[in-house]
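Quick one: structure below, then a few questions.
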Amino acid sequence: MAKPLLLPATTAPVLKNHKKGLVNETSLSCSYPTGSNYHFRSSPHQKLAWDQRVVVVAVSRRGWKLLKAAQSQERLGLGNVAFGRATNSPSCFGCHDQRVRSVQATLQEKDGVALDEEKSAAMETLELLEWPRVCRAVASFAATTLAKEQLQVLEIPATREASEALLELTSAGVEFISLLGGPFELGVLRTQVVKDCILRIRKGMVVSGVEALAVAMLLQTSGNVRRQVSNTAQEFQDRQSVLEPIVDMLGPMATHPELEKGIWRIIDEDGTVKDSASPELRKARIQERSVEQRLRELFNKISRDKGANIQSEEVVLVDGRMCLVVASDNRSNVPGLLLRSGSGATSYIEPAGAVPLNNKLSEARAEVAKAEYNVLSRLTDQLRPYLDDIQFCLNIIVRLDVIMARARYSTWLGATKPTFIDTESQSLVRLQLRRARHPLLVQRHREALRDAKAALKSKSKLICSNNPILFIRHLRILRPSFTQNLGRLKSRAGTMMALQETKAAVAEAEAEVAELEENAPVPIDVRVVGETKVVAITGPNTGGKTATIKTVGLAALMAKSGLFVLGIEPVVLPWFDAVLADIGDEQSLSQSLSTFSGHLRRIKRIKEVSTGSSLVLLDEVGAGTDPTEGAALGMALLESFAQSGKGGSYLTMATTHHGELKTLKYSDSRFENASVEFSEEKLRPTYKLLWGIPGRSNAINIAERLGVPKDILDEARTLYGVVSAQLSEVIMELELAKRDFDQDIATADSQITDSKMLLQQLVAVSKKLQENQHMLDVQRADRVAAAAGAARSQLHAIARDVKSSTKVPLKVPPSFQNTNTEVTQVKQNMKVATNSQAPKGAVPSVGDMVYVPKLGRNAKVVEVKTSKKEVTVQSGAMQVKVKLKEIQWPGLVQA
């Protein structure tokens, strides 16, 4: 196949007389700016889907084809791209081949870079990293059709600000799910139907009842979702700032409740038009049901009178006309028209008496259809002014579904929100991923574990079942070969054998579950610091080197597209302008490309588009050729990618088996080593990444453990060299030290985690104690206030008694006597002298202390009225007027 031809927006084909993507013309033309016309011939009814910006066209011997291209701007760097495919007869190939190639040549260059080369470097990386599988995984968490379609190609923004905005929306979605405490449901939304409805109205067509129902559901859901989000934000004021992006996004929606209610008044829940929609429709349907009833009565009468052998009690419709199903032997008993003959045993007869009624039924149905059309036409006119608002609601709801799908996927993974750093900053940490895992490996493991647990549960239920029939039925599924001879199951021995088979199946399932739980994907730690720009990863095959660089590449793409990264906090990533990878074998027999040539062609394309802000991932650099030349070429390539600017990278991670690449670290600070660990005890890799330690050879040690003769091993060690052996020993010691260090780090992390948990518990307990203390203070204050109020009431009552009568001895209430111990103590400890009455004519002065028997306490004179022979005394906060004769003065006489 020839290279794809990229046609920009000005050359997009214009399709005529097409409907819903179906092309009926045999010739489709598109005009180029040069004025030349090129014709794309397609067979009738060929499905096409066009975009107004870019169309990708390729030429092959079988004809023209529209290749499927990505809609993400980062894949091509050209904006949106169309999806489509069209073919024609082989005869058109020769006549247009030369002209297409000439146009292709003029469109090849874009700023000195071939467009198809750039497309290949970016798109191929996504395929190598299995990005489409990640997109499909995220799409599975969406609820609406349009959201699923959008998520098939996740948006990868072209700027850091756009990526951060997507991450903020995803964070809001994760927080919203957490605050809800349950699943977030959009209900049954038919977004594709709403989209079609809007297009039909804009084209002047009348909507159907199903489309109108979908619009009503959209408006209803939009209002409900906005209220739910707003109420959640108001309920959790402390988290309102996190939810603000979603609240602001939903705010401008105009849901038009009156329009929604108008649709519900007309359209039923199944999408049919209600009888009450118009008087004409009600009248037409009454007439239709009346004619149908008369027809059924006629058929029942014919069946009774003629004794026809009716095959079914239901009346059958043939081409819209009601008829009877009659056995062919009894067809002569039912005179009428033969509408259809079945397999020979039955006939579909329209009795003669039913012909005029069927005609009336057709007329009645036509009237019903006309009345329904009139109702839907008026409803279409009502919807037309609100199309922009409906379209806006549709876009927002689909966008919300995309956001919630990203949030659900991130929550399901247990991922962490990443933090971007500037690629031009001098930050100490250039990239940090802690306990990162490959999302697709985690997904595959979880799905396998889920299936294994489901199988174990099913088999365990079989053993617990006491029903022999159910036991045999399940056993047929578990052991088909065992149950072929069901006769032996009837015997006791056969049943016991079947039970043993089932127990064996359960044991196998348990072993499978245990193995899956033990062999979960191993997390890795990646920390790039300082001036490091190139990381060389070495180690044995199948040790996890390729999985490591794929994990880093997917983490960068997921962060750019608004997804959380599978790791623990903190996740620190640069915002890469491009992620470019050379992974796998690009051997091509058709193009005479060897593995080595395929790698070089791919690296050449990467070099042409990479910059100082790019992430470059190289797998088995320098492989596929002579080891000496391959190592030299690999060193030169890595040194070129360590440069800044065009053709360089911000970070390059390369896997290799060449030992010479390990030495770059010791002569250039921009290089770092890493390796995957290998367990010599188990003779298999552990899939753990050892940072800062180069990989070592394990072949001789493995051979020794496998029992290779000693003389062969000694000769191999001699040929390998003493220095190399010593180097391997040093590397082994470094690995052991690194392992101990990692264990210490893990222990420290565990202790830090425990300390944080204890601190949180202490803070929670302290807060609870403060709340309890505050409650106690409030209760104590309430009791004091209540006691003070009661005391004031009692004192006021005493004062009223004193004012009302000076002769009646004052009776203090028992409750007041119990609480006022001072009065009792004064009465017991104080005695008044018999001559303690004031001398005749003597008057106390203001400020003197006198004793008032009725009060039972001392009081201070605050006012003296000699003319009235009374004084005003104050005891505490209470002031009382008493006669001079009612006081004992000049004071109290101690006992």
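Both backbone and side-chain heavy atoms feed into the values below; hydrogens, waters and symmetry mates do not.
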Inset, instruction - Answer yes when Lys417 and Glu168 have at least one side-chain N-carboxylate O distance shorter than 4.0 Å, and no when they do not. - result: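 Looking at Glu168 together with Lys417, the answer is yes, because their closest N to O distance falls below 4.0 Å.
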
Legend entry - Side chain proximity check, Ser561 to Glu155, heavy atoms < 4.5 angstrom: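 Answer no - side chains too far apart.
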
Legend entry - Non-hydrogen atoms of Leu151 and Ala142 that approach each other most closely: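 Heavy atoms only, the tightest pair is CD1-CB, 3.8 Å.
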
Inset, instruction - Could you tell me which non-hydrogen atom of Leu281 sits nearest to which non-hydrogen atom of Ala277, and how far apart they are? - result: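 Taking every non-hydrogen atom into account, CD2-CB, 4.2 Å.
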
Legend entry - Counterpart residues, side chain to side chain contact (heavy atoms under 4.5 Å, CB included), relative to Ile177 (two or more places apart):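 In terms of side chain to side chain contact (heavy atoms under 4.5 Å, CB included), with neighbours along the sequence ignored, Ile177 is linked to Met404, Ala407, Arg408.
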
Legend entry - Nearest heavy atoms of Glu127 and Pro132, plus distance in Å: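 Looking at all heavy atoms of both residues, the closest pair is CA-CD, 4.5 Å.
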
Inset, instruction - Kindly indicate whether the side chain of Phe564, heavy atoms from C-beta on, has any atom under 4.5 Å from the side chain of Leu167. - result: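 Yes. Closest side-chain heavy atoms under 4.5 Å.
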
Legend entry - Heavy-atom check, side chain of Glu280 versus side chain of Val375, under 4.5 Å: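 Side chain of Glu280 against side chain of Val375, heavy atoms only: no contact under 4.5 Å found.
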
Legend entry - Of all pairs that satisfy salt bridge (charged side-chain N to carboxylate O under 4.0 Å, His left out), the ones with a partner from residues 371-399, not counting sequence neighbours: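 Output for this query lists Arg202-Asp388, Arg285-Glu372, Asp381-Arg384.
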
Legend entry - Separation between OG1 of Thr255 and CZ of Arg226, rounded to the nearest 0.5 Å: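 The distance works out to 4.5 Å.
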
Inset, instruction - Enter the distance from Gln234:CD to Gln240:CD here, rounded to the nearest 0.5 Å. - result: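 Rounded to the nearest 0.5 Å, the CD-CD separation comes out at 7.0 Å.
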
Inset, instruction - Output yes when Glu130 and Arg133 qualify as a salt bridge under the 4.0 Å nitrogen-oxygen rule, no when they do not. - result: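 Salt bridge flag = yes for Arg133 with Glu130.
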
Inset, instruction - May I ask you to test the Arg200-Glu211 pair for a side-chain heavy-atom distance under 4.5 Å? - result: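 Of all side-chain heavy-atom pairs linking Glu211 with Arg200, at least one is under 4.5 Å.
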
Inset, instruction - Flag the pair Asp275 and Arg289 as a salt bridge only when some basic side-chain nitrogen lies within less than 4.0 angstrom of an acidic carboxylate oxygen. - result: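 The answer is yes: the pair qualifies as a salt bridge.
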
Inset, instruction - Look at the rings of Phe176 and Phe184 and say which category their plane angle falls in: under 30° parallel, 30 to 60° tilted, over 60° perpendicular. - result: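 Phe176 and Phe184: perpendicular rings.
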
Inset, instruction - Kindly determine whether Asn359 and Glu363 satisfy side-chain hydrogen bond (donor to acceptor under 3.5 Å, both in side chains), including the steps that lead there. - result: CA-CA 6 Å; Asn359 294 337; Glu363 295 174 358; over 6 Å; no

Legend entry - Met217 side, atom CE; Thr221 side, atom OG1 - distance, nearest 0.5 Å: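 Result: 5.0 Å between the selected atoms.
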
Legend entry - Arg136 to Trp131, cation-pi by 6.0 Å centre distance and 45° axis angle: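 No, Arg136 does not lie over the aromatic ring of Trp131.
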
